[in-house]
Amino acid sequence: MDSYTPNNMPPIPEDAYRRRQANFNMDSHYYLTYSFGLMGVGLCLTALVSFLVLATGFYNVIFSNGFLSTILLFVELGLAIGFGVAMNRASASTLLAMFIAYSCVTGITFSTLGLVYAGSTLFYAFLITAVYYFCLAFVGMTTKRNLTNIGTFALVGLVVLVTSQIVLMLFRAPMSVHLYSALGLIIFTGITMWDVQRMKTILMQIEGDDLTAKKWSVYFALELYLDFINIFLYVLRLIGIGSSSSND
């Protein structure tokens, strides 16, 4: 019987190697699809909850009560922060439940958009966002350029943008909504492409560990969801200034 050492291993048959690579590619593609699909489910939940809260008038109960509004804000922030903290310890099912809960809570807060903007404006903003997001995701999935520097720069820009907005609000300084929204859209353009590329890279590096891959898939579903939501809000501000539900 032949004996083998680390330096004297039998060659892997070419067909077996191809099967292994094919299985690896199928797994990574499955989890990539799962992340995008879960993001879509989250967006649908947000839209559905927002519509129900607005249609039933339940928003009056929530937002006319300062205490309930504050609790809702803290719940939303707590879920977002808790998701990142629990990433290493929680199960994939727990992370999934947190993602669904966050999508529903966001739907409640988004119900007020129907009071500010016309239905047609919301529809066009969503359509523009969907097309734009698809283009960004395509670039993130297919580009061979490392987008880490762009993503890091965009994150710094986001911090600066949010900080400057807070300062302007505190000092009651005039602020251009168009300029702020345009800058925010540019920033999230870089962040979105970077997030998609990071998702692809990490999920393709995880081989044979379904539990870890599932957790990362849920994590990136939330990242993609937040990217979409922020782009939608900036697009809505750009095209919806002066629009109200009474114009619908």
Side-chain angles (χ1 to χ4, degrees), residues 24-25 27-40 42-43 46 76-77 79-81 83-85 87-88 95 99 102-103 106 124-168 175-207 212-213 215-240:
F24 170 68
N25 290 332
D27 288 343
S28 62
H29 289 161
Y30 168 78
Y31 287 114
L32 287 171
T33 303
Y34 179 79
S35 288
F36 280 113
L38 190 56
M39 178 201 75
L43 292 173
T46 298
E76 190 171 16
L77 289 175
L79 284 171
I81 297 174
F83 193 96
V85 173
M87 176 64 187
N88 293 326
L95 294 176
F99 172 74
Y102 184 86
S103 301
T106 302
Y124 288 132
F126 177 82
L127 187 62
I128 293 172
T129 303
V131 174
Y132 188 62
Y133 190 91
F134 174 82
C135 294
L136 297 179
F138 179 80
V139 173
M141 288 288 293
T142 58
T143 185
K144 297 184 182 302
R145 179 180 178 182
N146 190 333
L147 300 176
T148 300
N149 290 335
I150 294 178
T152 303
F153 181 77
L155 285 176
V156 174
L158 179 61
V159 173
V160 173
L161 184 66
V162 173
T163 303
S164 62
Q165 184 186 24
I166 294 175
V167 172
L168 290 174
M175 178 176 55
S176 172
V177 177
H178 278 102
L179 178 60
Y180 171 78
S181 300
L183 290 174
L185 188 59
I186 293 173
I187 289 172
F188 270 96
T189 294
I191 292 177
T192 300
M193 291 189 296
W194 180 47
D195 281 342
V196 172
Q197 186 180 70
R198 283 197 306 137
M199 176 183 67
K200 177 186 176 183
T201 301
I202 291 177
L203 291 180
M204 291 190 71
Q205 289 175 347
I206 301 173
E207 182 178 2
T212 302
K215 291 173 65 174
W216 276 106
S217 297
V218 179
Y219 171 83
F220 278 113
L222 178 62
E223 291 284 308
L224 300 177
Y225 170 89
L226 291 174
D227 292 340
F228 189 100
I229 288 295
N230 280 282
I231 291 176
F232 170 75
L233 290 175
Y234 286 124
V235 170
L236 184 61
R237 293 189 184 106
L238 283 172
I239 71 173

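- Separating the CG atom in L238 from the CG atom in L185 is a distance of 6.5 Å, to the nearest 0.5 Å.
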Could you give the side-chain donor-acceptor pairs of residues 217-234 under 3.5 Å, partners two or more places apart or in another chain?
{"unit_1": "S217", "atom_1": "OG", "unit_2": "A213", "atom_2": "O", "d": "2.7"}
{"unit_1": "Y225", "atom_1": "OH", "unit_2": "T46", "atom_2": "OG1", "d": "2.5"}
{"unit_1": "N230", "atom_1": "ND2", "unit_2": "L226", "atom_2": "O", "d": "2.7"}

Expected list for residues 151-160: side-chain donor-acceptor pairs under 3.5 angstrom, two or more places apart:
{"unit_1": "T152", "atom_1": "OG1", "unit_2": "T148", "atom_2": "O", "d": "2.9"}

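- Side chain of K215 to backbone of L95: no donor-acceptor contact under 3.5 angstrom is found.
- Here the shortest heavy-atom pairing between G140 and V196 reads C-CG1, 3.8 Å.
- Rounded to the nearest 0.5 Å, atoms CG (L147) and OG1 (T192) are 11.5 Å apart.
- Residues meeting the side-chain contact (heavy atoms from CB on, under 4.5 Å) test with L77, sequence neighbours left out: L73.
- F36 CZ to F134 CZ: the interatomic distance, rounded to the nearest 0.5 Å, is 9.5 Å.
- When the shell of 6.0 Å around OH of Y124 is examined, it contains 12 or fewer heavy atoms from other residues, nucleotides or ligands.
- S103 contributes atom OG, which lies 7.5 Å from atom CG of L38 (distance to the nearest 0.5 angstrom).
- In this structure the side chain of S35 reaches within 4.5 angstrom of the side chain of L203, judged on heavy atoms.
- Taking the six-membered ring where tryptophan is involved, the planes of Y34 and Y31 are perpendicular, since the angle between them exceeds 60° and thus also 30°.
- In this structure, M87 and W216 approach most closely via the heavy-atom pair CE-CD2, 3.7 Å.
- Minimum heavy-atom separation, L136 to M193: O-CG, 3.6 Å.
- The distance from the OG atom of S181 to the CD1 atom of I186 is 11.0 Å, given to the nearest 0.5 Å.
- Q165 pairs by the side-chain contact (heavy atoms from CB on, under 4.5 Å) definition with M169, M175, Y180, not counting sequence neighbours.
- Contact check for V139 versus Q197: no side-chain heavy atoms found under the 4.5 Å cut-off.
- Put simply, the side chain of T189 reaches to within 4.5 Å of the side chain of Y132, judged on heavy atoms.
- Annotation: side-chain contact (heavy atoms from CB on, under 4.5 Å) contacts of T33 (sequence neighbours excluded): none.
- Every residue was checked against the side-chain hydrogen bond (donor to acceptor under 3.5 Å, both in side chains) condition with T129, not counting sequence neighbours, and none meets it.
- A donor-acceptor pair shorter than 3.5 Å can be found between the side chains of E76 and T106.
- Of all non-hydrogen atoms in A125 and L236, the two that sit nearest each other are CB-CD1, 3.7 Å.
- With contacts defined as side-chain heavy-atom distances shorter than 4.5 Å, the pair M39/L43 qualifies.
- At least one side-chain heavy atom of R198 sits under 4.5 Å from a side-chain heavy atom of D195.
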